[in-house]
Amino acid sequence: MTKENGPEKAGLTEKQKKIAEKKARGAAKLEADRREKLKKIEELGHDPWGGRFDNHLPIGEIRSREGEIVVGPVGDCETGKAPQQTGPKVRAAGRIVLRRKKGKLIFMDIRDWTGTIQLFIGKIQVGEENWELAQCLDLADIVGVDGELRRTQTGELTIFVEQLHFLCKSIETPPDKHKGLHDPELRQRMRYLDLIHTEGSLERALRRSKIVQSVRNSLAEECFVEVEGPTLHTVAGGAAAKPFATHHNALDIDLNLRIALELHLKRLLVGGIERVYELGRVYRNEGISPRHNPEFTMLEVYQAYGDYRSMMDLTEKIIVDAIEATGQPLKLPWNDTVIDFTPPFARKTYDELFEEYAGVSPDDEAGIRALAEKIGFNTAGKHIDVVKNEVFEEKVEDALVGPVFVCDYPASICPLTKRKKDNPAIAERFELFIQGMELANAYTELNDPDLQEELFAKQLEGQAEEDSMAKMDNDFVLALRHGMPPAGGLGIGIDRLVMLLTDSATIRDIILFPLLRPEG
RNA sequence: GAGGCUGUAGCUCAGUCGGUAGAGCAACGGACUUUUAAUCCGUAGGCCAAGGGUUCGAGUCCCUUCAGCCUCACCA
């Protein structure tokens with residue numbers, strides 16, 4: 001296809017030249033245009049990268065001052081001009097998101113994190129110097145303005161600019177001004193662009209922060225203390241998950257990133273921090289899905305002298321408080337339906353739900369095995385509770401619209417949990433399900449060191465190590481031997497809570513920087 | 001890790017039966033002093049994800065690779 005007329009090098013240079021020329025006319029031209037204006041801004045005596053800009057008001061606050069606009073008694077009937085208005089002098093800063101030129105007028109919308117407002121820039125009104133500067137403005141540049149807050153003839157609340165301040169040049173072309181970013185890959189890789197230009201993206205991020213803040217406030221109200229445990233563990237325990245492996249050079253030891261917060265928080269319980277929690281990142285070396293990211297945010301709470309019932313009340317409080325903190329009603333939209341968070345949430349036992357949705361008595365071992373086989377599970381050699389739980393996950397969990405507390409799990413699948421006094425086959429544990437998602441998990445914590453050691457050992461027997469709920473952690477057992485007060489413990493998946501409270505179908509919309517393969 | 005779908009201008013998307021590329025927004029030039037998805041006239045912008053193949057001819061068909069999305073598995 002290619003002809004080699006001249007020397008190869010010369011041919012390549014020719015081709016490279018052509019590509020360079022094309023680029024100069026193509027993508028790079030957009031940048032060149034912006035750099036041209038950047039130069040012009042400098043020539044006009046302004047710093048294209050701006051500087052400190054004091055005393056501006058958030059745009060949301062400026063909008064709330066609309067009532068201060070005073071309209072004069074009469075308009076000019078002869079010229080048909082609107083009545084004179086006098087408004088407050090305001091100073092604002094924001095990014096240019098829309099721009100409309102009309103002769104010697106420019107209308108622009110600038111946005112900050114509290115809202116959007118229109119600017120009016122008239123050549124006569126702002127004077128020659130400001131007008132020259134205004135010619136150098138592009139979409140996505142950041143400007144500050146001083147002006148008067150009034151309404152235009154069409155009633156739009158507007159800052160009539162008197163003085164323009166240049167604050168930052170953008171030398172890249174922004175996405176479509178109305179559609180924003182749609183490509184999910186770009187939205188994740190260039191989250192900053194997504195936040196600026198995609199509707200609802202910034203609001204979602206800010207709402208997450210409000211939710212997290214609310215969770216901390218709720219816990220503070222109940223006198224819980226926030227701590228920070230280690231993320232580098234020699235034994236990654238407290239959950240059944242594959243850890244990330246890493247290495248410390250100076251000590252020359254292999255380490256894992258934590259998969260749960262549990263075991264160190266319980267050590268603190270032993271140490272006398274009676275109400276303790278951590279809200280932090282955990283890491284699990286597992287698959288990625290709309291509900292799973294390799295690193296995610298987990299809340300774990302431990303309360304001395306409580307049990308799983310105390311944790312149920314706390315869970316309800318944390319969730320209801322968070323909904324209120326985001327200014328939402330207790331009936332929240334979710335996909336095409338509505339979730340009713342009005343407390344108290346339903347509380348049902350594992351066995352009740354099993355019978356209801358699986359249609360088999362929870363005590364009918366043969367019936368359960370038959371059903372499991374019918375679904376396609378291999379039940380050979382498996383403990384009945386394991387089989388039962390497989391059926392539960394298949395038949396019940398997805399059907400739980402919730403919110404519903406599923407209480408009292410089979411003890412054999414809960415190695416870190418205290419059993420019921422009157423029935424040692426049942427563990428004092430609940431999971432909160434909403435829309436088929438497991439949102440919270442709580443126990444009456446096991447504090448018998450001998451039983452804990454036994455259960456650790458039993459878990460290790462004949463089980464793939466990564467499937468083990470709890471790897472043997474002798475140091476933790478030693479802590480228990482010193483006496484951990486009886487306690488309730490709770491875990492909440494913060495990302496999933498945020499998903500539910502922001503009507504987000506994928507975890508990638510509420511984790512700002514989800515894990516992606518590196519580009520090319 | 002398995003299966004399905006997707007990748008075309010800076011962004012959002014068309015592209016028929018295989019005949020070497022289109023629109024809107026953004027950009028550039030021009031008109032317009034109360035616009036608001038502003039409008040109108042004109043201009044420019046593409047290694048069609050990457051690499052191979054089939055063909056006279058590939059954005060289009062085939063193979064490989066890369067990335068994303070969805071479903072499943074693991075899990076919260």
Side-chain angles (χ1 to χ4, degrees), chain A residues 1 15-16 18-19 22-34 36-37 81-82 85 97-109 116 118-126 131 138-140 150-158 160 170-190 193 197-198 239-242 259-260 282 284-300 393 397 431-433 437-441 464 466-467 469 491-497 499 505-508 514 516-520:
Chain A
M1 225 188 265
K15 195 179 177 184
Q16 283 170 344
K18 274 185 182 171
I19 290 171
K22 275 189 174 180
K23 278 211 162 176
R25 275 182 285 124
K29 182 177 183 301
L30 297 171
E31 180 182 333
D33 289 340
R34 283 172 176 259
E36 194 63 37
K37 290 177 188 167
K81 276 191 178 166
Q85 296 176 49
V97 291
L98 282 178
R99 200 171 48 130
R100 300 174 286 278
K101 283 192 175 185
K102 188 177 169 77
K104 302 291 188 288
L105 290 184
I106 304 172
F107 293 91
M108 302 197 292
D109 287 7
T116 304
Q118 176 170 266
L119 305 182
F120 173 104
I121 302 171
K123 184 178 184 182
I124 292 166
Q125 289 84 344
V126 297
W131 185 249
D138 283 310
L139 283 174
R150 296 205 304 267
R151 270 183 295 264
T152 59
Q153 283 184 357
T154 48
E156 178 81 17
L157 193 62
T158 301
F160 286 76
S170 167
I171 55 175
E172 289 283 344
T173 310
D176 188 288
K177 62 186 180 181
H178 300 296
K179 291 176 177 164
L181 281 185
H182 268 221
D183 181 346
E185 184 177 354
L186 272 184
R187 289 187 51 211
Q188 292 167 53
R189 289 196 197 280
M190 308 176 86
L193 276 188
H197 298 285
T198 307
K242 298 176 196 76
I259 57 173
V282 296
R284 299 189 181 178
N285 205 339
E286 286 161 355
I288 293 174
S289 86
R291 285 176 192 74
H292 302 263
N293 192 61
E295 51 178 319
F296 62 100
T297 303
M298 180 96 139
L299 168 71
E300 287 196 29
E393 284 173 4
E397 288 189 359
E431 292 195 302
L432 174 63
F433 278 90
M437 269 202 292
E438 185 194 330
L439 190 73
N441 189 5
E466 64 262 28
D467 292 338
M469 178 69 179
I492 294 181
I494 293 296
D495 308 277
R496 288 182 173 179
L497 178 63
M499 283 171 72
T506 165
I507 201 167
R508 276 172 240 120
L516 288 173
R517 282 195 157 89
E519 279 178 292

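None of the values given here were measured: they were computed from a predicted structure. Excluded from the calculations below are hydrogen atoms, water molecules and symmetry mates; all remaining heavy atoms, backbone and side chain alike, are included.
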Colleague: Using purine N1 to pyrimidine N3 plus N6-O4 or O6-N4 for Watson-Crick, or N1-O2 and O6-N3 for G-U wobble, both under 3.5 Å, which nucleotide pairs with B:G22?
Modeller: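 Because both required distances fall under 3.5 Å, B:G22 counts as paired with B:C13.
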
Colleague: Let me confirm one number: the CZ-CG distance from A:R99 to A:D138, rounded to the nearest 0.5 Å.
Modeller: 6.0 Å

Colleague: Nearest whole Å is fine: how far is B:C32 C1' from A:W131 CH2?
Modeller: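 Nearest whole value for this atom pair: 11 Å.
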
Colleague: From the options B:U34, B:C70, B:C28, select the nucleotide whose nearest atom is closest to the side chain of A:F107.
Modeller: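 Among the listed nucleotides, the one closest to the side chain of A:F107 is B:U34.
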
Colleague: Using the side-chain heavy atoms of A:R100, tell me which of these nucleotides is nearest: B:U35, B:A27, B:C74.
Modeller: B:U35

Colleague: Counting only side-chain nitrogens and oxygens, does A:K177 get under 4.0 Å of the OP1 or OP2 atom of B:A26?
Modeller: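 Answer is yes, contact under 4.0 Å.
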
Colleague: Indicate yes or no for a side-chain donor-acceptor contact from A:E172 to the backbone of A:E31 under 3.5 Å, with no hydrogens or angles considered.
Modeller: no

Colleague: Quick one: look up who B:A2 pairs with, Watson-Crick or G-U, both distances under 3.5 Å, and put none if it's unpaired.
Modeller: B:U71

Colleague: Between P on B:G30 and NZ on A:K104, what's the gap in Å once rounded to a whole number?
Modeller: 11 Å

Colleague: Could you tell me the Watson-Crick or G-U partner of B:A44, where both distances fall under 3.5 Å? Say none if there is no partner.
Modeller: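 Result: none.
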
Colleague: Report yes if some heavy atom in the side chain of A:P514 is under 4.5 Å from a heavy atom in the side chain of A:I507; otherwise report no.
Modeller: no

Colleague: Applying a 4.0 Å non-hydrogen cut-off, can you work out what A:G287 is touching in the nucleic acid: base, sugar-phosphate, or nothing?
Modeller: base

Colleague: How is A:R517 classified with respect to the nucleic acid when contacts are heavy atoms under 4.0 Å: base, sugar-phosphate, or nothing?
Modeller: sugar-phosphate

Colleague: At 4.0 Å (heavy atoms only), tell me whether A:L181 reaches a base, stays on the sugar-phosphate, or touches nothing.
Modeller: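 Touches sugar-phosphate only.
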
Colleague: Under a 3.5 Å limit for both distances, which nucleotide forms a Watson-Crick or G-U wobble pair with B:U39, could you say?
Modeller: B:A31

Colleague: Using a cut-off of 4.0 Å on non-hydrogen atoms, how would the nucleic acid contact of A:R151 be classed: base, sugar-phosphate, or nothing?
Modeller: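 No contact at all - A:R151 keeps every heavy atom at 4.0 Å or more from the nucleic acid.
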
Colleague: Is there a donor N/O on one and an acceptor N/O on the other, under 3.5 Å, for the side chain of A:D176 and the base of B:G24?
Modeller: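 Donor-acceptor pair under 3.5 Å: yes.
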
Colleague: Taking atom C1' of B:A67 as reference, at what distance in whole Å does atom CE of A:M190 sit?
Modeller: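 So the two atoms are 15 Å apart, to the nearest Å.
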
Colleague: What nucleic acid atoms does A:Q188 come within less than 4.0 Å of, heavy atoms only: base, sugar-phosphate, or nothing?
Modeller: sugar-phosphate

Colleague: What nucleotide among B:A26, B:U33, B:A27 has an atom nearest to a side-chain atom of A:Q125?
Modeller: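 Nearest to the side-chain atoms of A:Q125, counting from C-beta on, is B:U33.
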
Colleague: Check every atom of B:C28, B:A26, B:G68 against the side chain of A:R189 and return the nucleotide holding the closest atom.
Modeller: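 Among B:C28, B:A26, B:G68, the one nearest the side chain of A:R189 is B:G68.
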
Colleague: Please classify the nucleic acid contact of A:H182 as base, sugar-phosphate, or nothing, using heavy-atom distances under 4.0 Å.
Modeller: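 Sugar-phosphate contact only - A:H182 comes under 4.0 Å of backbone atoms but never of a base.
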
Colleague: Where do A:W131 and A:I121 come nearest, in terms of heavy atoms and distance?
Modeller: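 Scanning both residues, the minimum pair turns out to be CZ3-O, 3.6 Å.
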
Colleague: Need one value for A:D183: base, sugar-phosphate or nothing, where a base atom within 4.0 Å counts as base even if backbone is also close, heavy atoms only.
Modeller: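 Here A:D183 touches the backbone only, sparing every base.
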
Colleague: Students often get this wrong, so: under 4.0 angstrom with heavy atoms, is A:I106 touching a base, only sugar-phosphate, or nothing?
Modeller: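 Nothing, no heavy atom under 4.0 Å.
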
Colleague: Which is true for A:N285 with a 4.0 Å heavy-atom rule: it touches a base, it touches only sugar-phosphate, or it touches nothing?
Modeller: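 Touches nothing.
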
Colleague: Is B:A58 paired to anything, Watson-Crick or G-U wobble with both distances less than 3.5 Å, and if yes, which nucleotide?
Modeller: none

Colleague: In whole Å, what separates the C1' atom of B:A26 from that of B:G45?
Modeller: 11 Å

Colleague: Quick one: do the A:Q118 and A:R151 side chains pair a donor with an acceptor below 3.5 Å?
Modeller: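 No, because no side-chain N or O of A:Q118 sits under 3.5 Å from a partner of the opposite role on A:R151.
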
Colleague: Which nucleotide in the list B:C11, B:A38, B:A76 gets nearest to the side chain of A:P175?
Modeller: B:C11

Colleague: Please state the C1' separation for the pair B:C63 and B:G22 - nearest whole angstrom.
Modeller: 30 Å

Colleague: Contact class for A:R150 vs. all strands (heavy atom < 4.0 Å): base, sugar-phosphate, or nothing?
Modeller: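 Touches nothing.
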
Colleague: With a 4.0 Å cut-off on heavy atoms, is A:E438 in touch with a base, just the backbone sugar-phosphate, or nothing at all?
Modeller: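 Result for A:E438 = sugar-phosphate.
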
Colleague: B:A38, B:A76, B:U33: which one has an atom nearest the side-chain heavy atoms of A:K123?
Modeller: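 For the A:K123 side chain, the nearest candidate turns out to be B:U33.
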
Colleague: Counting side-chain heavy atoms from CB outward, which of B:A26, B:G68, B:U12 is closest to A:L30?
Modeller: B:A26

Colleague: Which nucleotide in the set B:A76, B:U34, B:C70 lies at the smallest distance from any side-chain heavy atom of A:T152?
Modeller: B:U34

Colleague: Are any side-chain N or O atoms of A:R496 and backbone N or O atoms of A:E438, one a donor and one an acceptor, separated by less than 3.5 Å?
Modeller: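 Pair found, side chain donor or acceptor close to backbone of A:E438.
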
Colleague: Evaluate the side-chain proximity of A:R150 to A:T158: yes if any heavy-atom separation is below 4.5 Å, no if none is.
Modeller: no

Colleague: Ignoring hydrogens, what is the shortest heavy-atom contact between A:R284 and A:A260? Give both atom names and the distance.
Modeller: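 Here A:R284 and A:A260 meet closest at NH2-CB, 4.3 Å.
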
Colleague: Is the glycosidic torsion of B:U20 within 90° of 0, making it syn, or is it anti?
Modeller: syn

Colleague: Just checking A:K102: base, sugar-phosphate only, or nothing, at a heavy-atom cut-off of under 4.0 Å?
Modeller: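 Answer is base: heavy atoms of A:K102 come under 4.0 Å of a base.
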
Colleague: Can you check whether any acceptor in the base of B:U35 is under 3.5 Å from a donor in the side chain of A:Q118, or vice versa?
Modeller: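 Yes.
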
Colleague: Just to be sure I understand the rule, does A:F433 reach a base, reach only the sugar-phosphate, or reach nothing, if contact means heavy atoms closer than 4.0 Å?
Modeller: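 The answer is nothing, as A:F433 stays clear of every strand by at least 4.0 Å.
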
Colleague: Looking at B:G68, B:U33, B:U35, which one has an atom nearest to any side-chain atom of A:P184?
Modeller: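 For A:P184, the side-chain atoms sit closest to B:G68.
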
Colleague: Would you classify A:G180 as touching base, sugar-phosphate or nothing, given that sugar-phosphate means primed atoms plus P, OP1 and OP2, and contacts are heavy atoms under 4.0 Å?
Modeller: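 If one applies the 4.0 Å heavy-atom cut-off, A:G180 turns out to touch the sugar-phosphate alone, with no base involved.
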
